[in-house]
Every structure is written in structure tokens, then in C-alpha cells.
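Just so it is clear: chains get the letters A, B, ... in the order the sequence lines come, proteins before strands, and each one is counted from 1.
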Number of protein chains: 2
Amino acid sequence: MNNTREIIAHSLLFDGLPPEQLAEIEKLVIKKHVVKGTPIFFEGDPGLGFYMVASGKVKIFKTSFDGKEQILHIFGPGEPFGEVPVFHGTPFPANAEALTSTELLFFPRAEFVDLIIASPSLAFNMLAVLALRLRRFATQIENLSLKEVPGRLASYLFFLMEEQNNQEWVTLDIPKGQLANLLGATSETLSRIFNKMHDEGLIRVEGKTIFVLDHQRLRDR
Amino acid sequence: MNNTREIIAHSLLFDGLPPEQLAEIEKLVIKKHVVKGTPIFFEGDPGLGFYMVASGKVKIFKTSFDGKEQILHIFGPGEPFGEVPVFHGTPFPANAEALTSTELLFFPRAEFVDLIIASPSLAFNMLAVLALRLRRFATQIENLSLKEVPGRLASYLFFLMEEQNNQEWVTLDIPKGQLANLLGATSETLSRIFNKMHDEGLIRVEGKTIFVLDHQRLRDR
DNA sequence: GAGCTTTTTTGACTTAGGTCAAGGAAAGTT
DNA sequence: AACTTTCCTTGACCTAAGTCAAAAAAGCTC
């Protein structure tokens, strides 16, 4: 499913749009391929358009003056990113980088804005996308500020169980160091917490596979 | 300026709309008055519409199981809040409470959605509002995760200097305890940091007035 | 599969900021 | 002005998580 039309037709952003509109949208897409580790944009760059992941994975992140990194989102196939400048007219608020070899769809700003103005359903879908993202941010702030690292890890494991539709075990889709950056911790701390949770009989860790042994006690970390 | 038409006409959300559309919008507004401390909605409540502050101040916040509070936003006159459920159809992601005696405008969901669908400019304004909010959240996550409390306080002081258009001193518009909840700290810690910054000659604190004595050194906290 | 690089783990140590408890200071009320 | 309530500060103490350094494990490449 590496085909542009497939990706946009199945994305939440373009969901429910008539075929002729999808064709319009497809016409303005610029495809880009980037290898693992490639920067896609930097905080402060002018936003000339937004992106959608066709295949692969992209992280959106902030960095501190001393190089520590906080991941804001990890986006996979069908998910748009970099929309803030399109609608607010300001530069990108954060950096984007490919976590894997990635196929990107780029939507140039001016053309896309014309489409949005002409299509209330598309505008409405975009509003839904941004609203969902606000909700996610609210949860992330809650996690960072009101929970300790074990609680944040537990949340993430439950999120993966949901996503992977498996109550027994989950597969980490990113390296543990990146997970630490997502949870607002260091890799050392995360490693120690995996250990502790194992010792307490909550989980079993085998490389990138985490077996969840005690849902109840994991939930109230 | 406690009049509905004045408020909506000067808000960013309804900026640039023709008078006849403003009249339409005004018609569906329901005015509500709440005293200081009144809950406006709770996390998890179904969102039957969104609000705009006409006068006063409202905080949007999350609470932890043990009662600690993290403020996500503080909204003043002309600022809308509670839009997430309108566009994403899910319950409110956080709580809202009046920080002062407050005049609110309520926009019922269904009627407002009709207006948005009929008006590309209104849809576009709303997209800009949500995009700005995403940017703010990204900054807040950066502050919480990548800066220590003194750095977060410094950011907030610079934000107030900008807002109050004064390079010499700022007036805290909220109690220090609430400021602590906004910065992700306790009031004890915040108090100690005010002390330390005073001892270091960065600021002078007189009740709710903070004199900024050394911009340069305050900036790199 | 030997030799890289990158990622993860472990140990010893430090520290920012939280908690608990008790006073003070403001601010609103009668 | 006295009273009550809310807000802010201070001191003593504790702990979650960071830092630094080094080793171990896992992935790649030729």
C-alpha cells in the first residue's frame, strides 16, 4: 500500500471525501523519500506546506540547549504533520526527523488552503485532526507533570496494547532510547524501571517484546 | 465592554467576518455568569458546545489522583475554550473553572457547526485558533520537560512583559499558588525560587509586582 | 564471523524539587 | 478593629530521577 491514492483515501484527514475531490488532492501531492535519520524540517523553518506519512515513521521533537530531546509525537502511515504553519502562518514549532526509511507526501500550503476553503468537509476533517491532537497534548502534559516515569511507561504500554490489539504482550515500535525521549526520561532511568517492574512481577521484557503479567498492578503505577 | 457583540467582533476567532455573519453568531450565544471558583465543566463531561470568555478569567486544568493540579491554559476576554468535543466528538479532555467572577458566552455545538460549514472564513479562523493552541502546548511540553522550574518562571515573566508591554516590571495576574500549578511546581518551590532570583539580583518581588532587574541573566536560567 | 557501530544496562554519586509541618501575611467580612 | 479565611513563606527532611563512566549486548557491514 505504497500508492498515494491508497494512503490519502484511507487517512482520517481525507476520510469520506468524494472521489473527484481525492483526485484533486492527489494532483497537488509531492512525493519525497527520506532515509532513516534524515531531518524533515527544523523548528523555526517557514512552513511552506504540511506532510503526511505514506510509509515509515516520523518523530516530532523539541531539543534543549544541552541536547536533551523531548518527542512530542511519533507519526505513522496516514498521519499528517506540520500543519501548524499552514493555518497559523508562523514557523514550525518543533523539529521533524525520519525514524525509519520513510515515504512522505507533501501538500503545498497555498494550493491546500484553496481546497480547504472550497470544501467544508475537508475543513471539518482538518478541525477534527487538530482537535484530536490537542487532546493528545493535554494527555502528554498530564503525564509529564502529574505522573512519575513508571506511570508514564504504564500508560504507554496500555496505549500499545490498545493499538496492537493484544492484552498479553506488546512490541515496542521504537528503540528504548527513543521511548525514553518520548516519556520525558533518560534511557538509564527507563532501563532501571523496566528492571524494577520485572522484579515486581508486572512485566517480562524480552528485547523489544514486553509481556504484561499483571494488568491491575501495572495500571495503578 | 461587557456586551456580546463587542466581545465577538474583537475576538480572533470571529475576526474579519462580515457584520451579517456576526449577527448570526450573536443570535446563537447563550450568556452565563459564574462566580469565582465555579466549575464550568469537568474532564469527561460530554461537550455540548464551546465557550468564550466575555470578562474575567478561566483556567483549564488536569488533576492527579492525589489532588495535584496542572493548569493547561488560562483564558481571558475574547478567548474561546472547550472546542475539542465540538470537532472531535469526544468528551472534554480537562476541567474548566472560573478564576474570577466571569461572564461567559456559550455556543451550542450543532448550531455552530452549521455556521462553520457555511462559512469558509469562520472555519479558517477556527483552524488558526487550534493551530495556535497546538503551538502553545508544544512550548508548554518543552518547558515542563526540558527546563527546570527557574527557567519556566523566567519564560513566564518574559511572556508577561510582552503581554503587558513593559520591560521594567510585570504584574502577576493570578495568585502565586496558581502560577505554581501552571509551571508544574509546588507553591513552596516557587516561593524559594523567587527568593533565590532576588538574592541573585535578577528580580525584585513586591507582592504581585515583579521588577525585572537583569534581563540577560534572567533569560539564561 | 570478526570487527565495527549503536543501543542498552549497571553502578556510584548528586541534586532539583517534592513533602510535611508550622508560622506569617494579606485580604475579605461583620 | 477583631475575626476568619485564604495565600505565601520558611525550615527540616526525603526521594525520584539525573549525571558520569564503563561494561555488556545487539545490530550491521564487509
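For the salt bridge (Lys or Arg N to Asp or Glu O under 4.0 Å) test, no residue two or more places apart in sequence or in another chain qualifies with R136(B). In this structure, R152(A) has no salt bridge (Lys or Arg N to Asp or Glu O under 4.0 Å) partners at least two apart in sequence or on a different chain. Residues that satisfy the salt bridge (Lys or Arg N to Asp or Glu O under 4.0 Å) test with E163(A), not counting sequence neighbours, are absent from this structure. Residues passing the side chain to side chain donor-acceptor pair (under 3.5 Å) test with S155(B), sequence neighbours excluded: K147(B). In this structure E26(B) satisfies the side chain to side chain contact (heavy atoms under 4.5 Å, CB included) test together with T4(B), R5(B), I8(B), sequence neighbours excluded. Remark: N166(B) engages E168(B), W169(B) in a side chain to side chain contact (heavy atoms under 4.5 Å, CB included) (not counting sequence neighbours). Scored by the salt bridge (Lys or Arg N to Asp or Glu O under 4.0 Å) test, D15(B) finds no partners at all (sequence neighbours excluded).
Between dA17(D), dG18(C), dG17(C), one nucleotide has an atom nearer to the side chain of R192(B) than all others, and that is dG18(C). Here the nucleotide nearest the side chain of K68(B), chosen from dG18(C), dT10(D), dG17(C), is dG18(C).
Remark on the helix from dG1(C)-dC30(D) to dA22(C)-dT9(D): inter-end axis angle 60°, axes from five-pair C1' superpositions, rounded to 10°.
Following rounding to the nearest Å, E148(A) (CD) and dA16(C) (P) show an atom-to-atom distance of 18 Å. One can place CG of L146(A) at 16 Å from C1' of dA16(D), the figure rounded to the nearest angstrom. Taking atom NZ of residue K36(A) and atom C1' of nucleotide dT5(C), one finds them 11 Å apart after rounding to whole Å. In this structure, N143(A) atom CG and dA16(D) atom P are separated by 18 Å, rounded to whole Å. Between L172(A) atom CG and dT7(C) atom P there is a gap of 15 Å when expressed in whole angstrom units. Rounded to a whole Å, the NZ atom of K147(A) is 13 Å from the P atom of dA17(D). One atom, CZ of F194(B), and another, P of dA25(C), lie 19 Å apart when rounded to the nearest Å. What separates CZ of R152(A) from C1' of dA17(D) is a distance of 9 Å, to the nearest Å.
Between H88(B) and the options L134(A), L132(A), L130(A), a side chain to side chain contact (heavy atoms under 4.5 Å, CB included) holds for only L132(A).
The cationic group of R109(B) does not satisfy the cation-pi geometry with F50(B), failing either the under 6.0 Å distance to the six-membered ring centre or the 45° limit from the ring axis.
Non-hydrogen atoms lying under 4.0 Å from DNA chain C are contributed by N195(A), K208(A), all within residues 195-208 of chain A. Contacts between residues 174-190 of chain A and DNA chain C, defined by a heavy-atom separation below 4.0 Å, involve P175(A), K176(A), G177(A), E188(A), listed by number.
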Under 3.5 Å donor-acceptor pairs involving side-chain atoms of residues 34-45 of chain B, not counting sequence neighbours:
unit_1	atom_1	unit_2	atom_2	d
T38(B)	OG1	V35(B)	N	3.3
T38(B)	OG1	V35(B)	O	2.5
E43(B)	OE2	K62(B)	NZ	3.2
D45(B)	OD2	F42(B)	N	2.9

Under 3.5 Å, sequence neighbours excluded: what are the donor-acceptor pairs made by side chains of residues 194-209 of chain B?
unit_1	atom_1	unit_2	atom_2	d
E200(B)	OE1	R221(B)	NH1	2.9
R204(B)	NH1	E206(B)	OE2	2.4

